[in-house]
Number of protein chains: 2
Amino acid sequence: MIKNNKAIVQSVDRALSILQVFAQYEELGVTEISKLINLNKSTTYGLLSTLFEKGYVDKKPNGKYCLGLILLELGQYVQNRLNVRNTARPLLEELCEKYDETIHLVLCNRGEVYYVDKVESARSIVNITQVGKKVALHASSVGKAILAYMPVEEQERELALPLKQYTTYTITNPSELREHLSLVKENGYALDMEEIELGIRCIGVPIRNYTGEVIGAFSCSAPATRVSSEKLNEIIVAVKDTALNVSRRLGYKI
Amino acid sequence: MIKNNKAIVQSVDRALSILQVFAQYEELGVTEISKLINLNKSTTYGLLSTLFEKGYVDKKPNGKYCLGLILLELGQYVQNRLNVRNTARPLLEELCEKYDETIHLVLCNRGEVYYVDKVESARSIVNITQVGKKVALHASSVGKAILAYMPVEEQERELALPLKQYTTYTITNPSELREHLSLVKENGYALDMEEIELGIRCIGVPIRNYTGEVIGAFSCSAPATRVSSEKLNEIIVAVKDTALNVSRRLGYKI
DNA sequence: ATCCCATATTCTTGTATGCCGAACATCGCT
DNA sequence: AGCGATGTTCGGCATACAAGAATATGGGAT
C-alpha cells in the first residue's frame, strides 16, 4: 500500500482521476473515460457508479456522465474559507472602485497558482479568467509576480516547461523571461503588456504572509487604450500600496 | 461488488465521505475524521493521503486537513455548465434591473435543491444565501415553490423532517405548511414573508423544462420596507412572466 | 423491420489490494 | 521529563476489487 513513500489507495486514486478528466470534457461515457484514463471498462464503471451514488457525477438525459452539483457545494466552501481572500477583499474592492478596473486575486497552492477571487468594475472588460482556473505563470502579471519570487530551482522548473504563446507579446523564450523576472523582483511589481490577451494590460504584485513568503498576488487589469503611461505609474503606486496593506493584515512586518 | 443493485467501490465511497464531512467542519485531523465516519484510523489515513496527493484536500500549517483548491476548480466547471443557468441568466438580469432587487436561481438535483446563480442589484441587501448552498425548502420562497409541485410522497418526506425555525415567521408546523403549499400551487408563486431572515421578503416561482416537470425556481428578494403591497403585486406579475419565458426557452410548451 | 456496431451494464473469479490492529514517531502540555 | 493525544508506518490476512467475458441496450444504416 505504500508507494513512493506515500499511502495511495488505488481505487480512490483512479476515481479522482475520473473526476479530473471532466475538467477537460463536459460529458463523457463509460467507454470514453476508460480509454482516457487507460482502465478496464468495467473497472471504470464501478468507480463511476460510486461517484454517481455520492453525487460527484451526474447523468445527463443523453446517458452521458458529467460533474455533479456536490462539487459546486464543496467548491463554495473552499472559496469561503480562503482567509487570504476574506482579508484582501475589502482592500481590493477599494482599489477596484478607485480606478474602476477589474482586480484579480490569485493564490499559490502546492506549486500551482489559482485565481481565487475577482472584483469586477462596472465598465468591466471582457475577461478570460475565472475563479478556480489555473494561472498562466509566464504570461500574466500575477503569474510573473509569483514566479519572480519563487526559489530558483522551482522557477527553473517552470521555465523549463513549454511556454505557450498567447499573443505576439507573450514571452516564450526562457532566458528572456528569466531576465524579465529579475527586473520584476527589482521593481516589486510585474506588468503584463498584452501578453495573454491583446488589448489588455495588467499590473500584478505579490502578497506575503507573516513569514514574508510570497503566497499569492493580485492584479489590476485594464484595456490598453485606457492606460496611458502616467496613468500606469499612478496605478502601480496604488497597487503596490494595497499589496503592502494586504500583506500587513496577514501579519507581514514592515 | 454489487450492493443494492449498484456497483459501489468501498474505498472510493469512504474517501468521498471524507470530503463530505468537510462540508461541516473547516479543518479536521486524521483521528477526528476516523471517528466521524466510523473508520479505522490507519484506513482513514490512507484515504486521506490519496485525497491529499490528488489535491482534493490540503494540509494547513497547523497540520489539520481541509478541502483542496481542486474542488474550487471543479465546482467552477459545474457552475458554467449548468445550461439552465445560462439560459435563465439574461432574463434574470433583466428582472434584476427592472426592480433593482436581488434574484436567486435554484435547481433541483436528485432530491436536493441548490442555489446555482445570483444576480445582485447595486443596492444589494445583506444576503445569507450563496451559490452552491442547499436551499431551505420550507423557509424560502424558492424552496416552497419547488415543494409545492413535488410528487406527494416526496413532499411528505420533506414535511416529515424537522422544520428549522429561522425567524418567528418560519412555518414549522407540517400541516400548516401543507396547507400553505396547496395555496402556492394554486397561485403559481410562493412568498417568503421574513420567514428565513427578518426584514427580507421574497417572491419565488418554479421553472419547468420541456416535459413540464418543475426543475428549479428563482426568486426576487427585497427588504420588507421596500415592498409595499401594490409593489408586491407588480413584482409577482413580472416574476411569473419571466418564469414562463425561462421555461419556454427550456422547451416548455404553453 | 433487421442487422450491426458501439456502448452500457452485469457476472464470475483469482489475487492483488486495501483494511485492520498494533507498533512507532511526533508533538504539545503540565 | 513524562504523559496523553495525535499523526504515521508496518505486516499479515481476508476481502473487496480489477479484469475479462458475457449479456443488455440502443441507435444508425440498409
Side-chain angles (χ1 to χ4, degrees), chain A residues 1-22 24-68 110 210-211, chain B residues 1-22 24-68 110 210-211:
Chain A
M1 179 156 150
I2 274 120
K3 184 179 162 185
N4 284 357
N5 238 351
K6 285 286 162 191
I8 295 295
V9 178
Q10 187 187 60
S11 47
V12 174
D13 184 73
R14 290 170 166 181
L16 299 177
S17 299
I18 290 180
L19 286 183
Q20 248 131 328
V21 295
F22 281 106
Q24 299 182 62
Y25 302 88
E26 176 160 352
E27 49 172 58
L28 292 166
V30 180
T31 312
E32 290 174 295
I33 297 172
S34 74
K35 279 174 189 157
L36 280 168
I37 61 173
N38 227 32
L39 217 69
N40 185 290
K41 196 170 52 159
S42 66
T43 306
T44 306
Y45 181 75
L47 298 170
L48 209 44
S49 300
T50 310
L51 289 168
F52 178 73
E53 277 306 299
K54 287 277 187 172
Y56 286 77
V57 303
D58 260 334
K59 251 182 190 164
K60 296 199 157 193
N62 63 7
K64 300 255 181 183
Y65 292 88
C66 64
L67 292 175
R110 294 210 258 140
Y210 66 102
T211 66
Chain B
M1 182 156 148
I2 274 121
K3 184 179 161 183
N4 283 357
N5 237 351
K6 285 287 161 191
I8 295 295
V9 178
Q10 188 187 59
S11 48
V12 174
D13 184 73
R14 288 169 166 180
L16 298 177
S17 299
I18 290 181
L19 286 183
Q20 248 130 326
V21 296
F22 282 106
Q24 300 182 62
Y25 302 88
E26 177 160 352
E27 50 171 57
L28 292 165
V30 181
T31 313
E32 288 173 296
I33 297 172
S34 74
K35 279 174 190 160
L36 280 168
I37 60 172
N38 227 29
L39 217 69
N40 185 290
K41 195 170 55 160
S42 66
T43 305
T44 306
Y45 181 74
L47 299 170
L48 210 44
S49 300
T50 310
L51 289 168
F52 179 73
E53 278 305 300
K54 288 275 186 171
Y56 287 76
V57 303
D58 259 333
K59 251 181 190 166
K60 296 199 157 194
N62 64 7
K64 300 257 182 183
Y65 292 89
C66 64
L67 293 175
R110 295 210 255 139
Y210 66 102
T211 66

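Source: prediction; values computed, not measured.
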*To the nearest 0.5 Å, what is the distance between CG (A:L39) and OG (A:S11)?*
10.5 Å
Polar atom pairs (N or O), protein with nucleotides 5-8 of chain D, under 3.5 Å:
unit_1	atom_1	unit_2	atom_2	d
D:dG7	OP1	B:V30	N	2.8
D:dG7	OP2	B:V30	N	3.2
D:dG7	OP2	B:T31	N	2.7
D:dG7	OP2	B:T31	OG1	2.5
D:dG7	N7	B:K41	NZ	3.3
D:dG7	O6	B:K41	NZ	3.2
D:dT8	OP1	B:K59	NZ	3.0
D:dT8	OP2	B:Y65	OH	3.0
D:dT8	O5'	B:Y45	OH	3.2

*Spacing of B:Q10 atom CD relative to D:dA14 atom C1', expressed in whole Å*: 12 Å
_What's the angle between the local helix axes at either end of the helix from C:dA1-D:dT30 to C:dT30-D:dA1, using five pairs per end and rounding to 10 degrees?_
50°
*Could you give the CG-to-P distance, from A:N40 to C:dT15, as a whole number of Å?*
17 Å
*Identify, with sequence neighbours excluded, every residue that meets side-chain hydrogen bond (donor to acceptor under 3.5 Å, both in side chains) alongside A:T31.*
none
*If a pair satisfies salt bridge (charged side-chain N to carboxylate O under 4.0 Å, His left out) and one of its residues is in residues 35-49 of chain B, list it, with sequence neighbours excluded.*
none
*Provide, to the nearest angstrom, the distance between the CZ atom belonging to A:R14 and the P atom belonging to C:dA16.*
14 Å
*Give the minimum heavy-atom separation between A:T50 and A:G46, together with the two atoms involved.*
OG1-O, 2.9 Å
*Between atom CD1 in B:I8 and atom C1' in D:dC17, what is the gap in whole Å?*
13 Å
*Determine yes or no for a side-chain-to-main-chain donor-acceptor pair under 3.5 angstrom, with B:Y56 supplying the side chain and A:L16 the backbone.*
yes
*Could you tell me which residues satisfy salt bridge (Lys or Arg N to Asp or Glu O under 4.0 Å) with A:K64, sequence neighbours excluded, listed by chain and number?*
A:E32
*Applying side-chain contact (heavy atoms from CB on, under 4.5 Å), name anything that partners A:E26, two or more places apart in sequence or on another chain.*
A:K60, B:R81
*asked:* Could you measure the distance from the CD1 atom of B:I18 to the CG atom of B:L47? Nearest 0.5 Å is fine.
replied: 4.5 Å
*Whole angstrom is fine here: how far is it from CG in A:L51 over to C1' in D:dC17?*
15 Å
_Using whole Å, what does the distance between atom C1' of nucleotide D:dT15 and atom CG of B:D13 come to?_
16 Å
*Sole candidate of B:V21, B:L48, B:V57 that passes side-chain contact (heavy atoms from CB on, under 4.5 Å) when paired with B:L28*: B:V21
*Nearest-angstrom distance from the residue atom CG of B:L48 to C1' of C:dC19*: 16 Å
*asked:* In this structure, how many angstroms lie between the C1' atom of C:dT17 and the CG atom of A:L39, rounded?
replied: 14 Å
